[in-house]
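What follows is a single structure, written as structure tokens, with notes after it.
Since this is a predicted model, take the numbers as computed values, not measurements. Only this structure's heavy atoms are used, side chains among them; waters, hydrogens and symmetry mates stay out.
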2 protein chains.
Amino acid sequence: MNEKQEAKTKPAMWENSRFKNWVAVARACHLVQQELARQLRPLDLKTPHLDIMVNLVRSAGISQQDLARKLFVGRSNMTMLLPQLEKRGLVERRADPADKRVLRLYLTAEGRALADRAIVIQAAIIDDMMSATTPEECEMVGDAMRRIVARLLEMQSAAEETESE
Amino acid sequence: MNEKQEAKTKPAMWENSRFKNWVAVARACHLVQQELARQLRPLDLKTPHLDIMVNLVRSAGISQQDLARKLFVGRSNMTMLLPQLEKRGLVERRADPADKRVLRLYLTAEGRALADRAIVIQAAIIDDMMSATTPEECEMVGDAMRRIVARLLEMQSAAEETESE
DNA sequence: ACTATTCTGTTCAATATTGAACATAAAGGA
DNA sequence: TCCTTTATGTTCAATATTGAACAGAATAGT
């Protein structure tokens, strides 16, 4: 009831606690990205590159498509970014003999070494800022976010179905 | 083989609960942005435009610089985006008579009307996904995030000082 | 009053990201 | 087998974002 009223009446949107609290989440995300970008500058890495490399550490041999899906970005984005990393000798793309369409991705030794250094930096930032929470809070935030992600993925699938119809 | 190497070199960064939980936060933010962008498409609005207009609803007459600071983006970003909104007749930029450097920003009636429609959409998404949390959780997430933001702003100021020195 | 410094907004080049259209490879159905 | 559909990666144009360098206006120190 309260929520429905708020949704209709314009002025009190900022006192909607869900709205207000989410704004804080978005702000935090934005600032983390900026801080990470700043600290990665000496390594000549941008955050999207790090995202890719982090995933390759865990999922060597993944295809570009699957990597894009994991990162929630478009395939074309991978097509743009991966050749850069390949030219720097950080990533290797090997054709899959079984399916000639797919390119399988691997970190080189150099890529792995750089990824390790970058991950240390990223973990340090996260560790620092998350020390503003108690372990219980941190866990609860994570749980809540995983449920929210699940809900958003539902919305996403629903939208895709509606669109294809 | 590959997995054993991982376990040795990196003592499982992925099991660091702070890291893991933050990943969920980042994923949620990313997906919200996408869902919002999709639902704003019919209004021909992008999320950065909405961010600007939302802030102008609350802070009419703000300067470009102050707006950029509120949004944690560069001044040049405002210089790029605002003329677009001005040409569409959604935003007005008036020179400040007291200080000839600054441009003060206002929503037009049309801009206000469009902002209202967009805000309803945004609030609906947030309301939907945050319904995956209890009110207590939602409040706790907000509190934790505000502390994290404060910590990140400290890091930011520290970095700026170090740089200027 | 004058100079140096700071502040506001702009320009510009570089990069990230997206969606649509495309080409090729694989899979499925008749 | 042949045709249709689906999947993977690429190309391309459009847009967002940034940081550095800049011009003009205001401020402070002298």
query: Nearest-Å distance, NE2 (His30(B)) to P (dT17(C))?
result: 8 Å
message: Test your reading of the model: is there a side-chain donor-acceptor pair from Thr108(B) to the backbone of Leu90(B), 3.5 Å cut-off?
response: yes
- prompt: Whole Å only: how far is the CZ atom of Arg38(A) from the P atom of dG19(D)?
  reply: 8 Å
Under 4.0 angstrom between Gln34(A) side-chain N/O and dT17(D) OP1 or OP2: no
- prompt: Do Ser131(B) side-chain atoms and Asp128(B) backbone N/O form a donor-acceptor pair below 3.5 Å?
  reply: yes
- request: Run the numbers on Asp143(A) and Arg147(A) for salt bridge (charged side-chain N to carboxylate O under 4.0 Å, His left out), then give the verdict.
  value: CA-CA 6 Å; Asp143(A) 285 346; Arg147(A) 269 174 281 146; 5.4 Å; no
query: Whole-Å distance between dT17(C) C1' and Leu36(B) CG?
result: 16 Å
- request: Measure from CD1 on Ile52(B) to C1' on dA16(D) and round the result to the nearest Å.
  value: 11 Å
- line: In B/S/- notation (B base, S sugar-phosphate only, - none; protein heavy atoms under 4.0 Å), nucleotides 8-15 of chain C written 5' to 3' is BBBBBB-S
- request: State whether Asn77(A) places a side-chain N or O below 4.0 Å from either non-bridging phosphate oxygen (OP1 or OP2) of dT18(C).
  value: yes
message: Check whether Glu137(A) reaches the backbone of Thr134(A) with its side chain - one donor and one acceptor, N or O, closer than 3.5 Å.
response: yes
- prompt: CZ of Arg41(A) versus C1' of dA20(D): gap in Å, rounded?
  reply: 11 Å
- line: Separation of dT18(C) atom P from Leu40(B) atom CG, nearest Å, is 16 Å
message: Just the rounded figure in Å: distance from P of dA16(C) to CG of Asp51(A).
response: 12 Å
task: Answer yes or no for Arg94(B) and Tyr106(B): cation-pi contact, defined as NZ/CZ to six-membered ring centre under 6.0 Å and angle to ring axis within 45°.
output: yes
- prompt: Whole Å only: how far is the CD atom of Gln33(B) from the C1' atom of dT17(C)?
  reply: 13 Å
message: Donor-acceptor check, side chain of Arg104(B) to backbone of Asp96(B), threshold 3.5 angstrom: yes or no?
response: no
